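These notes concern the structure reproduced below.
Order of appearance sets the numbers: ligands from 1, and atoms from 1 within every ligand. This is a predicted model, so every value here is computed, not measured. Values below: all heavy atoms of this structure, side chains included; hydrogens, waters and symmetry mates excluded.
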Amino acid sequence: MNLDILNPANGELLATVPVTTADEVARHAADAQAVFDSGVWSGLAPRDRAAVLLRLADLMERDAEVLARLDSEDAGKPITECRDGDVPGSIETIRWFAEAADKVLGSVSNTGPDVLAFTQREPFGVVAAILPWNYPLAMACWKVGPALAAGNSLILKPADATPRSTMHLASLAAEAGLPAGALRVLPGTGAVTGAALASDPVIGAISFTGSTATGRTVLAASAASNLKRVSLEMGGKSPHLVFADGLEYGDALIDGIVEAAFLTSGQNCTAGSRVLIHASIHDEVVARLAAAASALVVGDPADPATQLGPVINDAAADRILAAIDGAVSRGARAVSGGAEVTVAGGGRYIPATILVDVADDDPIVTTEVFGPVTVVQRFTTRDQAIAMANAVDYGLAASVWTKNIDDAMAVARGVQAGIVSVGAYSEGDMTVPFGGWKQSGFGGAEKSLEAFRQWTREKSIWIQLEGQ
Ligand code: NAD
């Protein structure tokens with residue numbers, strides 16, 4: 001069985017890749033275990049692993065344009081986003097984790113004098129990651145960096161539609177001197193390749209990024225197989241909370257909300273897909289948001305001027321349009337976008353859509369749309385805003401716009417989300433852990449030294465001393 005990789009912008013056949021079968025997954029896992037046991041990668045000093053990963057980062061820099069084009073073509077992401085965001089961010093990720101390789105520390109316990117007790121973090125052996133399609137290279141690098149720096153053998157399954165940048169990354173890793181078999185990229189479908197990885201008996205840990213529904217099946221497969229460690233990074237319904245003084249941020253407020261909602265056509269786990277605005281400035285903020293959203297350039301992702309490309313496929317377009325139409329039929333009003341537009345060349349394009357007059361419990365407020373759609377709600381008190389922010393099953397990110405430290409900290413402390421930003425809509429840089437709460441995920445953060453918790457396990461060593 002093969003997978004046709006199609007360009008979402010025009011239906012062009014970009015490549016055909018094999019679907020890795022369950023038998024092949026089992027063989028790869030066993031081979032990866034042999035590579036781990038041989039010590040050819042796991043047995044290197046961390047600084048020597050770092051040197052290989054730093055060479056990989058240099059090669060990514062050399063091939064930056066190739067990597068940007070692969071992601072733009074496979075995922076329909078605007079080329080400018082890939083060039084200026086995803087690819088440089090991915091290179092930085094690999095460098096950051098290379099440099100962190102020898103900074104994964106244990107601790108010495110405060111025991112009595114006749115004992116030395118300490119902890120150390122060790123790699124699992126064979127680990128796997130299952131990736132989403134919306135940030136193919138970036139998500140691969142969030143896994144590759146810490147998993148390989150820690151000494152594991154890693155198996156990556158790219159999303160069905162977007163394997164090419166991950167496959168190119170693996171070829172660059174080989175060129176950088178990564179021992180054969182320490183990194184394997186197995187393209188395929190979720191039902192065949194993903195499911196086989198999740199239930200494989202050899203793989204010791206699996207890191208999943210994708211939808212909450214699929215995350216549940218990965219967790220269940222682990223429970224039904226070898227209880228491999230599971231880390232889940234899943235969907236979101238992340239809010240902005242714009243307080244009465246929010247307009248003091250000026251254009252930064254409007255630009256921040258628009259970028260958060262519509263980057264990658266809103267097909268973003270941390271998309272700011274809810275905007276809670278204090279009633280006193282609601283109408284002015286909505287008017288400015290509508291103007292800014294309507295000005296976004298919709299078009300061919302290969303054109304550097306494009307800000308909103310196509311959505312990933314027909315099924316996604318139909319699902320997003322049905323969500324908009326459903327909300328409109330229940331009384332919502334689109335102040336920008338709201339209906340499909342045609343772009344020469346093909347593809348399914350939905351312009352930046354902002355919906356107002358939406359009931360707080362409407363499905364479009366409580367469920368992830370994963371498209372260029374954000375909903376506006378109105379609040380009058382701080383407690384009400386926090387309660388509204390928390391009234392969904394997700395808890396990935398949130399942002400508060402106020403210069404009042406008491407309001408900002410009340411929200412930062414009160415919002416149930418893994419990442420809260422103040423006066424910005426930010427996931428933070430590489431030094432900051434990234435991970436969700438509630439049904440957005442658990443099991444270990446991405447980025448920062450915390451990421452090593454996903455890819456290493458702690459061992460306590462107790463040494464009884466004599467003659468002390
Ligand atoms: P998806 O859940 O459809 O697919 C994700 C991956 O899981 C793919 O590689 C797919 O092949 C695989 N998969 C599907 N069925 C499987 C199964 N039964 N067993 C094992 N693997 C299986 O998600 P998607 O459409 O690729 O990505 C969009 C979702 O990802 C959104 O919900 C988005 O919010 C989320 N996401 C989260 C983060 C984060 O860091 N929290 C980042 C990016 C995307």
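Qualifying salt bridge (Lys or Arg N to Asp or Glu O under 4.0 Å) partners for Glu12, counting only residues two or more places apart in sequence or in other chains: none.
In this structure, Gly435 falls outside the shell of residues with a heavy atom less than 4.0 angstrom from ligand 1. Using 4.0 Å as the threshold, Ala195 has a heavy atom nearer than that to some atom of ligand 1.
Among all non-hydrogen protein atoms, the one lying nearest atom 39 (C) of ligand 1 is Cys269 SG, 3.3 Å. Closest to atom 24 (P) of ligand 1, if we only count protein heavy atoms, is Trp133 CD1, 3.6 Å. With respect to atom 18 (N) of ligand 1, the closest heavy atom belonging to the protein is Thr217 OG1, 3.6 Å. In terms of protein heavy atoms, atom 4 (O) of ligand 1 is closest to Thr214 OG1, 4.5 Å. When only non-hydrogen protein atoms are considered, atom 11 (O) of ligand 1 lies nearest to Asp160 OD1, 2.6 Å. In this structure, the protein non-hydrogen atom closest to atom 13 (N) of ligand 1 is Gly190 CA, 3.3 Å. Gly210 O, 3.2 Å is the protein heavy atom nearest to atom 35 (C) of ligand 1. Of the protein's non-hydrogen atoms, Leu131 O, 2.7 Å is the one closest to atom 9 (O) of ligand 1.
At least one N or O atom of Glu368 sits closer than 3.5 Å to an N or O atom of ligand 1. Remark: ligand 1 and Trp142 share no N or O pair separated by less than 3.5 Å (distance only, no angle test). Among the atoms of Asn134, none of the N or O lies under 3.5 angstrom from an N or O of ligand 1. Considering backbone and side-chain atoms together, Met234 places an N or O closer than 3.5 Å to an N or O of ligand 1. Residue Asn268 has no N or O atom closer than 3.5 Å to an N or O atom of ligand 1. Distances between N or O atoms of Phe370 and those of ligand 1 include no value under 3.5 Å.
The existence of a salt bridge linking Lys447 and Glu427 is excluded, since no basic side-chain nitrogen approaches an acidic carboxylate oxygen closer than 4.0 Å. One finds no salt bridge joining Arg95 and Glu92 here, because no Lys/Arg side-chain nitrogen approaches an Asp/Glu carboxylate oxygen to under 4.0 Å. A salt bridge between Arg164 and Asp74 is present, with a side-chain N of the basic residue lying under 4.0 Å from a carboxylate O of the acidic one. Ionic pairing of Glu122 and Arg457 is not present here: no N-O contact between side-chain nitrogen and carboxylate oxygen is shorter than 4.0 angstrom.
Among the candidates Lys237, Arg274, Arg330, the single residue satisfying the salt bridge (Lys or Arg N to Asp or Glu O under 4.0 Å) test with Asp362 is Arg330. Among Thr217, Val218, Leu197, the single residue meeting the side-chain contact (heavy atoms from CB on, under 4.5 Å) criterion with Phe208 is Val218.
In the vicinity of Pro132, heavy-atom distances shorter than 4.0 Å reach the ligand 1 atoms 26 (O), 27 (O), 43 (C), 44 (C). Heavy-atom contacts of Gly235 reach the following atoms of ligand 1: 32 (O), 34 (O) (cutoff under 4.0 Å). Residue contact check: Phe208 has heavy atoms under 4.0 Å from atoms 2 (O), 5 (C), 6 (C), 7 (O) of ligand 1. In summary, the atoms of ligand 1 found under 4.0 Å from a heavy atom of Ser211, numbered by their order in the structure, are 1 (P), 2 (O), 23 (O), 29 (C), 30 (O), 32 (O). The ligand atoms of ligand 1 that sit less than 4.0 angstrom from a heavy atom of Glu233 are 37 (C), 39 (C), 40 (O), 41 (N).
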Derivation and outcome, side-chain hydrogen bond (donor to acceptor under 3.5 Å, both in side chains), residues Lys228 and Ser222: CA-CA 6 Å; Lys228 57 179 65 64; Ser222 166; 5.3 Å; no
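Residue pairs meeting the side chain to side chain donor-acceptor pair (under 3.5 Å) criterion with at least one partner in residues 350-360, sequence neighbours excluded, are Arg333-Asp357, Asp360-Gln377.
Contact annotation: the side chain of Val242 never approaches that of Leu276 to less than 4.5 Å [non-hydrogen atoms, C-beta and beyond].
Under the 30°/60° scheme for interplanar angles, the aromatic rings of Phe452 and Phe97 are found to stand perpendicular.
Side-chain contact annotation: Lys77 with Ser265, donor-acceptor N/O pair under 3.5 Å absent.
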